[in-house]
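In what follows, chains carry the letters A, B, and so on, assigned in the order in which the sequence lines appear, proteins first and then strands, with residues in each chain numbered from 1.
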Amino acid sequence: MRLSNYFLPILRDDPKEAEIISHRLMLRAGLVRQSSAGIYSWLPFGHRVLRKIEQIVREEQDRAGAIELLMPTIQSADIWRESGRYDDYGKEMLRITDRHDREMLYGPTNEELITEIFRDGVKSYRELPRNLYHIQWKFRDEIRPRFGVMRGREFLMKDGYSFDLTPEAARHTYNQMFVAYLRTFERMGLKSIPMAAETGPIGGDLSHEFIILAETGESEVFCDRDVIEKSAPGADLDFSSDLAQIVSEWTGKYATTDDMHDAARFEQEVPAGRRVSARGIEVGHIFHFGTKYTEALNCRVQGPDGDLIAPHCGSYGIGVSRLVGAIIEASHDEAGIVWPEPVAPYTVGLLNLKSGDDATDAACNDLYGKLRNAGVDVLYDDTDERAGAKFSTMDLIGLPWQVIVGPKGLAQGEIEVKNRASGERSTASPDAVLARFAG
RNA sequence: CGGGGCAUGGCGCAGCCUGGUAGCGCACCUGCUUUGGGAGCAGGGGGUCGCAAGUUCGAAUCUUGCUGCCCCGACCA
């Protein structure tokens, strides 16, 4: 994309309403614009990031055996009455009345709807287990939205729902999602830590929040450094195999949010040198809730001996739009955003330091065309801004690689490559640079 | 919902106390000079001062009501 043809409204100054760093940078770098409290428009740059995150989530869900569908944003109040949550949910639920005075709502979550769909479509135990997910906008009318996209009212979420015949089978599905989440966040360049979470009335240990560490995180977290240093299983993992071993390796170490924190146990279980007390952002949450909704909504499958059985369920969320903010919180510096390459809106920023100069124009056009042909996502700053302004803009928007073409270097047959994260620079011929990215 | 604050051009702000025809920086447009870390000079465009009512000869400024947004708290993917 040529910057001269693009829509990337950069702000030089911090908008005063934005308090935390990710919110400021998202506004300044032209990712989003606030539409009203907690509701944002995603500008082209932000939209690209959102799509990249979504795609990674999708690939890892599919790999783990989950199946994608798409449910609507607007739901009928009826099924929420059936489950009993219509009155329980309170003011967080945005209620809407249609022209026929039917009560509708903008879905804050989808347990009821998926259970209804599953109930109507599956009658036999032979069709279990199934794990269905979608990536859809949700609305929760938070009392006080804040932190930009991190606690918006409208947000994009991956929510998955699993149906198993037995609690043991449900546990396996839970483990599949547990491992899928580890892989998902790791692929985004994030260090995620599964932490024991409140399980509610169900009890047991089948609820985990996935937290990423960031100074501006909303909650205080405590963990064993060993957990931070672990890495997720590789892509070759067989998700149908028993994953209990992997899960227990992760859950065996101390890791909790402050509401579950037990200082005495922390000090007893974790050697002083490995105790980490930090702030974190919740980007995912998985839990098992058994037959709560299948029973309430009369969802039954027929078992091998003819009995009707309410499937055991779990649900698994990932805050897709929140992740955009969370990634920035975890990856930025004084100059701006530092995108991890897998989620960067473009991989390479090509800077023409002297637009209008025949030599740099020709070199940039040539390189731009070849990079594009090689399938590299490249944003070409072909505007007639001065060099300094281009550097600042490129640092602000945080593309992982900057390819810098100026008249001086070009006279020596060289252009420069800068790594945004490390600041490391090297020079090479245009062909060598092309080979590096296109190779 | 309790407490605090803000609302003046795209962004950041001054002006308000003490009413008199709206200003600054950045951004934007034109020209010239410049050109490897947010250039200089000159000229220019853009604002029903959040909305409504009131006071007044006259309201961005004073009064009342409303709305929106932000921050702290309780609550949350």
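Between B/rU33 and B/rG10, the distance separating the two P atoms is 33 Å to the nearest Å. Comparing the C1' positions of B/rG25 and B/rG38 gives a spacing of 14 Å, expressed to the nearest Å. Rounded to whole Å, the separation between the C1' atoms of B/rU21 and B/rA60 comes to 12 Å. Going from the C1' atom of B/rU8 to that of B/rG68 covers 16 Å, rounded to whole Å. For the C1' atoms, the distance linking B/rC49 with B/rC24 amounts to 15 Å, nearest Å. Across B/rG65 and B/rA27, the matching P atoms stand 42 Å from one another, rounded to whole Å. Going from the P atom of B/rG73 to that of B/rC16 covers 34 Å, rounded to whole Å. Of the C1' atoms belonging to B/rG15 and B/rG9, the separation is 15 Å, rounded to the nearest Å.
Between A/His23 and A/Phe147, the ring centre distance reaches or exceeds 6.0 Å. The ring of A/Tyr174 has its center no closer than 6.0 angstrom to the ring center of A/His288. Within the 6.0 Å centre-distance limit, the rings of A/His285 and A/Phe287 are counted as a close aromatic pair. Between A/Phe7 and A/Phe45, the ring center distance fails the sub-6.0 Å criterion.
Using a 4.0 Å heavy-atom criterion, one finds that A/Glu17 contacts the sugar-phosphate atoms exclusively. A/Gly409 comes within 4.0 angstrom of a nucleotide base, judged by non-hydrogen atoms across all strands. Using a 4.0 Å heavy-atom distance criterion, A/Lys16 is classed as a sugar-phosphate-only contact. Residue A/Thr109 is out of contact with every strand shown, counting any heavy-atom pair closer than 4.0 Å. Using a 4.0 Å heavy-atom distance criterion, A/Lys91 is classed as making no nucleic acid contact. A/Gly317 comes within 4.0 angstrom of nothing in the nucleic acid, heavy atoms only. Residue contacts for A/Gly325: at a heavy-atom cut-off of 4.0 Å it reaches no nucleic acid atom on any strand shown.
What separates NE2 of A/His23 from P of B/rC11 is a distance of 13 Å, to the nearest Å. Following rounding to the nearest Å, A/Asp395 (CG) and B/rG36 (P) show an atom-to-atom distance of 16 Å. Rounded to whole angstrom, the span from the CG atom of A/Leu43 across to the P atom of B/rC11 amounts to 13 Å. The CD1 atom of A/Ile143 sits 15 Å away from the P atom of B/rC70 (whole-angstrom rounding). Atoms CD (A/Glu19) and P (B/rG4) sit 19 Å apart, rounded to a whole Å. If you take CG of A/Asp13 and P of B/rC11, they are 11 Å apart, rounded to a whole angstrom. Remark: C1' of B/rG36 and CG of A/Leu353 are 6 Å apart, rounded to the nearest angstrom. One can place NE2 of A/His285 at 7 Å from P of B/rA77, the figure rounded to the nearest angstrom.
With A/Phe185 as reference, A/Ile318 is the one residue of A/Ile327, A/Ile318, A/Ile211 to meet the side chain to side chain contact (heavy atoms under 4.5 Å, CB included) rule. Between A/Leu371 and the options A/Val376, A/Asp366, A/Val433, a side chain to side chain contact (heavy atoms under 4.5 Å, CB included) holds for only A/Val376.
Each of A/Ile10 and A/Glu154 was assigned the nucleotide of RNA chain B with the nearest heavy atom; the assignment lying further toward the 5' end belongs to A/Ile10. The nearest heavy atom of RNA chain B to A/Glu92 and to A/Glu385 marks one nucleotide each, and the one closer to the 5' end goes with A/Glu385.
Set against B/rC71, B/rG12, B/rG37, the side chain of A/Arg425 has B/rG37 as its closest nucleotide. When the nucleotides B/rG37, B/rA77, B/rG36 are ranked by their closest atom to the side chain of A/Ser392, B/rG37 comes out on top. Side-chain proximity of A/Phe391 to the nucleotides B/rC76, B/rC69, B/rG36 is greatest for B/rG36.
Pairing for B/rU48 is absent, with no Watson-Crick or G-U wobble pair whose two atom distances lie under 3.5 Å. Using N1 to N3 plus N6-O4 or O6-N4 for Watson-Crick, or N1-O2 and O6-N3 for G-U wobble, each under 3.5 Å, B/rA77 pairs with nothing. Pair check for B/rA39 finds B/rU33; Watson-Crick or G-U wobble, both atom distances under 3.5 Å. The base-pairing partner of B/rG54, taking Watson-Crick or G-U wobble contacts with both distances under 3.5 Å, is B/rC62. Pair assignment for B/rU21: none, as no Watson-Crick or G-U wobble contacts are both less than 3.5 Å. Remark: B/rG2 base-pairs with B/rC72; criterion is Watson-Crick or G-U wobble with both hydrogen-bond distances under 3.5 Å.
Judged by the 6.0 Å distance and 45° axis criteria, A/Arg95 is positioned over the aromatic ring of A/Tyr86.
Under 3.5 Å, the side chain of A/Asp14 and the base of B/rG12 form no donor-acceptor pair of N or O atoms. Residue-to-nucleotide contacts include a donor-acceptor pair under 3.5 Å from the side chain of A/Arg28 to the base of B/rG38. For A/Arg12 against B/rC11, no side-chain N or O and base N or O form a donor-acceptor pair under 3.5 Å.
Put simply, A/Gln34 has no side-chain N or O that comes within less than 4.0 Å of OP1 or OP2 on B/rG68. The phosphate of B/rA39 (OP1 or OP2) has a side-chain N or O of A/Arg386 nearer than 4.0 angstrom. For B/rC71, one of the phosphate oxygens OP1 or OP2 lies less than 4.0 angstrom from a side-chain nitrogen or oxygen of A/Arg144.
No side-chain N or O of A/Thr383 forms a donor-acceptor pair with one of A/Glu385 less than 3.5 Å apart.
In this structure, CG in A/Leu297 is found 11.5 Å from OG1 in A/Thr291, a value given to the nearest 0.5 Å.
You can call A/Phe155 stacked on the base of B/rA77; the centres are under 5.5 Å apart and the planes sit within 30°.
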